[in-house]
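All values below come from the heavy atoms of this structure, side chains included, with hydrogens, waters and symmetry mates left out.
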Amino acid sequence: MLSKIIPVTCTSSHLVEIEKLQTIQSELKKRSREQLYSLRSLITKHGFSFPIYIWENEGIFYTLDGLGRDFITKELVREGFLFQQKNGEVNSKLLANYNC
């Protein structure tokens, strides 16, 4: 049976609900579906190991770096996956670094 819990192995000072992330560069970087499946496989096998870089403006969180991880993690959460934070908490939040 496939575990629906993905460990978070990195650290950051901010947690952001995955569904609140919005893409700011949607058309700037293209990935093939095979590349996205490869990224998905790495995340489900090894966990989430790099924070996403975001910019917050008036309560809206924009993904600046980590667009592939943003896309894949949203897909995983829609399929019922959750993330286990380093403190043991299980939720649908990702670690993020703010870019001011």
Work out which heavy atom in [X] is nearest to a heavy atom in [Y]; give both atom names and the distance.
{"X": "Lys86", "Y": "Thr9", "answer": "NZ-O, 3.7 Å"}
{"X": "Phe48", "Y": "Leu95", "answer": "CE2-O, 4.3 Å"}
{"X": "Phe50", "Y": "Arg69", "answer": "O-NH1, 2.7 Å"}
{"X": "Ser49", "Y": "Cys10", "answer": "O-CB, 3.3 Å"}
{"X": "Val16", "Y": "Ala96", "answer": "CG2-CB, 3.9 Å"}

With a distance cut-off below 6.0 Å to the six-membered ring centre and an angular limit of 45° from the axis, does Lys4 pair with Phe81 as a cation-pi contact?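 Geometry flag: set, cation within 6.0 Å and 45°.
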Please answer whether the main-chain N or O of Tyr37 pairs with a side-chain N or O of Ser41 as donor and acceptor at a distance below 3.5 Å.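 Flag not set: sc Ser41 to bb Tyr37 has no pair under 3.5 Å.
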Salt bridge check: are Lys74 and Glu79 linked by an N-O gap of less than 4.0 Å?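 Not counted as a salt bridge, because no side-chain N and carboxylate O are separated by less than 4.0 Å.
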With a 4.0 Å cut-off on N to O distance, would you call Glu75 and Arg33 a salt bridge?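 Salt bridge present between Glu75 and Arg33.
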Could you grab the distance from atom [atom1] of [X] to atom [atom2] of [Y], nearest 0.5 Å is fine?
{"X": "Leu82", "Y": "Ile5", "atom1": "CG", "atom2": "CD1", "answer": "5.0 Å"}
{"X": "Thr11", "Y": "Asn97", "atom1": "OG1", "atom2": "CG", "answer": "8.5 Å"}
{"X": "Asn91", "Y": "Glu17", "atom1": "CG", "atom2": "CD", "answer": "7.0 Å"}
{"X": "Ile72", "Y": "Leu36", "atom1": "CD1", "atom2": "CG", "answer": "4.5 Å"}
{"X": "Arg40", "Y": "Thr44", "atom1": "CZ", "atom2": "OG1", "answer": "6.5 Å"}

Exercise: do Gln85 and Asn87 side chains pair donor with acceptor under 3.5 Å: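 Judged by distance alone, the side chains do not pair up.
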Which class fits the ring pair His14 and Tyr98: parallel under 30°, tilted 30 to 60°, perpendicular over 60°?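 Tilted: the ring planes of His14 and Tyr98 meet at 30° to 60°.
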